[in-house]
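Order of appearance sets the numbers: ligands from 1, and atoms from 1 within every ligand. Computed over heavy atoms, backbone and side chain alike; hydrogens, waters and symmetry mates excluded.
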Amino acid sequence: MALSIMIYIFSGLLISASLIAFAIVSVKERRITATLRSIILVIAVIVGWTGWYFLVGSETFWLFLPPVVVMSGLVLFFIPLGQIKPLAIGKITERVDERDTVFAREEYLPGSEKYDRYYSTHPELREVDDRIRRLPELLEPGGRYYDEAPAGSARADFREIEDMTSRVDGKVTSPPAPADPDWMTAWVKEELLSARADEVGIAKLNPMYVYSHVGRGPEPWGQPIENRHKYAIVFTLEMNYHEVETAPHLSITRETARKYKQAAVVSINLAKQIRELGYPARAHIAGSNYHLMLPPVACDAGLGELGRMGYLISPRLGARVRLGAITTDLQLQTDRPVTFGVQDFCDKCLKCAINCPSGAIPSGPKTDIRGVEKWALHVERCIHYWRVIGTDCGLCMKVCPYSHPPTFFHNLVRAGCRRSSFARRVAVWGDDFFYGRKLRLPG
Ligand code: SF4
Ligand code: SF4
């Protein structure tokens, strides 16, 4: 057989074999649409390759057109192409007051002192907040997807987290031990990774990301927050892929609770160990205990970029992570922020905005929010929807193309998207083709 025909057949077989492998992986990921569409593509490649052979014959230069097109596409997919824009952060001029966050506002009950004081200065928010408060609380009966078993399990986890709030901080009783920043940095990371954190990063704590006043939790409401720690240690915990796939049902909330509880245990332990070494350290845990806005601090710590839907997107695990943090004065080596094409990808993708049932995620351009140019999430719409359905929804996390598990094929796509704007465009098309552009919401 002529060498040209062998090359032609081999290239067709290679493409078909890759698609079959992808179909098998998709079965394992329980993504049956992707499996079926890969099989359709395999048939199309076999028919196309054979048809082209009979159309142009074996003795012609045109025989190589399909393999050359595919090869060129692959090269364009992996070579650096186009610019990667980081998130534009200007001069942040004011800190966020935790009392203004929607999670704090949900807790101001009509007739209470907090309610009267808050809405006397923010009358424009009273109506929208009252509408949210009239709905059943998260994890309580009445929500559309309420289910007692997972709700009970998640409630128990959140209660345990609340019980831990008294242990987030403590006195430093011993003089500071001599600390080599390199050794301490390696030790801190090792401690967290051995406690099953997935990724760890360290940042100089930007004071503008510390809330200005307490809005929730056991500390006095409205008390100024004076966290002046120099460093933030931030870590991610991967949420189980199949649990995230259940969104917007209650299993995703159960998984959220599980990860927050794990983050609380891990960060309280590390903060305690650092204090034992003679350095101040505070854990920041979910529920009502954060002094910081975690996503931007995680970006500073090199754990990822902010996506359109406001979550951190990690290079390896995408949006499918929960965050934990410890702030401290122990001197550490910091990590650098990373840029891997998320801003450009989100410009092209819009999948979370299209699939957000509450319309909370903008499909337009970014806006300047306190000096950071980012997509402005309509948080009241999001929380209103959570209370309608009784879960923390998570559809945006589920549909995000970065949320696929870090397996061979998805990692190849990630590698391309890191460098090439062509890859980012093709990855958006590919994700829509294999997984669908618009989900059908369960009844
Ligand atoms: S959690 Fe649900 S409602 Fe909220 S932004 Fe994401 S998709 Fe929209
Ligand atoms: S779904 Fe698309 S637009 Fe939304 S955050 Fe993920 S990559 Fe960005």
Side-chain angles (χ1 to χ4, degrees), residues 84-87 101-103 106 128 131-132 135 138 143-145 239 243-253 255-256 295 298-299 304-322 339-366 373-405 410 413-414 416-418 421 423-442:
I84 291 186
K85 293 175 287 180
L87 193 71
T101 63
V102 72
F103 293 114
E106 275 186 301
V128 64
R131 270 206 306 272
I132 292 175
L135 292 163
L138 219 62
R144 189 182 302 160
Y145 302 128
M239 287 182 69
E243 300 281 10
V244 171
E245 279 299 298
T246 64
H249 286 284
L250 245 170
S251 295
I252 189 173
T253 313
E255 176 67 1
T256 303
C299 290
E305 288 190 59
L306 275 193
R308 182 183 286 273
M309 89 290 245
Y311 284 121
L312 177 92
I313 297 192
S314 132
R316 195 171 71 84
L317 303 168
R320 220 169 20 86
V321 292
R322 294 288 162 181
T339 309
F340 52 101
V342 171
Q343 309 309 309
D344 184 42
F345 196 101
C346 288
D347 272 337
K348 297 175 165 59
C349 169
L350 298 174
K351 210 162 177 174
C352 52
I354 289 168
N355 284 282
C356 172
S358 70
I361 303 174
S363 49
K366 295 175 181 169
E373 214 191 303
K374 61 179 185 175
W375 288 284
L377 195 70
H378 200 308
V379 278
E380 288 84 5
R381 285 188 193 162
C382 173
I383 301 306
H384 186 275
Y385 185 70
W386 285 18
R387 305 253 313 225
V388 168
I389 63 174
T391 81
D392 65 345
C393 175
L395 277 167
C396 45
M397 182 187 285
K398 167 177 167 171
V399 299
C400 180
Y402 281 101
S403 291
H404 293 301
H410 298 306
V413 176
R414 286 187 177 99
C417 291
R418 219 175 247 276
S421 60
R424 294 190 281 275
R425 170 58 67 204
V426 172
V428 170
W429 288 336
D431 204 85
D432 289 348
F433 174 77
F434 287 112
Y435 301 101
R437 178 95 178 131
K438 179 100 174 79
L439 289 188
R440 256 192 324 137
L441 265 184

Compare C352, G359, S358, C396 and give the one whose heavy atom is closest to atom 3 (S) of ligand 1. S358

Qualifying residue, where the test is side chain to side chain contact (heavy atoms under 4.5 Å, CB included) with V428 and the options are D432, V426, D431: D432

Picking from C382, C356, C396, what satisfies side chain to side chain contact (heavy atoms under 4.5 Å, CB included) with M309? C396

Could you tell me, atom by atom, which parts of ligand 2 come under 4.0 Å of a heavy atom of M309? 5 (S)

Counting from 1 in the order shown, the ligand 2 atoms closer than 4.0 Å to a non-hydrogen atom of C400 are 1 (S), 6 (Fe), 7 (S)

I'd like to know whether D392 forms a side chain to side chain donor-acceptor pair (under 3.5 Å) with T256, so could you lay out the CA-CA distance, the side-chain angles of the two residues, the decisive distance to 0.1 Å, and finally the verdict. CA-CA 8 Å; D392 65 345; T256 303; 3.0 Å; yes

Ring geometry between F340 and Y402 (parallel below 30°, tilted from 30 to 60°, perpendicular above 60°): perpendicular

What is the nearest protein non-hydrogen atom to [atom], stated with its residue, atom name and distance?
atom	answer
atom 7 (S) of ligand 2	F345 CD2, 3.5 Å
atom 4 (Fe) of ligand 1	C382 SG, 2.4 Å
atom 8 (Fe) of ligand 2	C346 SG, 2.3 Å
atom 2 (Fe) of ligand 2	C349 SG, 2.4 Å

Where on I361 is there a heavy atom closer than 4.0 Å to ligand 2, on the side chain, on the backbone, on both, or on neither? neither

Heavy-atom pairs closer than 4.0 Å: do any link ligand 2 to the side chain of Y311, the backbone, both, or neither? neither

Any idea which atoms of ligand 1 are less than 4.0 Å away from a heavy-atom of [X]?
X	result
C356	3 (S), 5 (S), 7 (S), 8 (Fe)
G394	1 (S)
W386	1 (S), 4 (Fe)

Counting C-beta onward and ignoring hydrogens, is there a side-chain heavy-atom pair between [X] and [Y] closer than 4.5 Å?
X	Y	value
R144	Y385	yes
K398	L439	yes
W375	L306	no

When you measure from atom 2 (Fe) of ligand 1 to the N, O or S atoms of C393, does any of those distances fall below 2.8 Å? yes

To check you understand the geometry: which heavy-atom pair defines the closest contact between C393 and I252, and what is its length? O-CG2, 3.8 Å

Minimum heavy-atom distance between V399 and C352, given as atom pair plus value: CG2-CA, 3.9 Å

Looking at ligand 2, would L350 count as a contact under a 4.0 Å heavy-atom criterion? yes

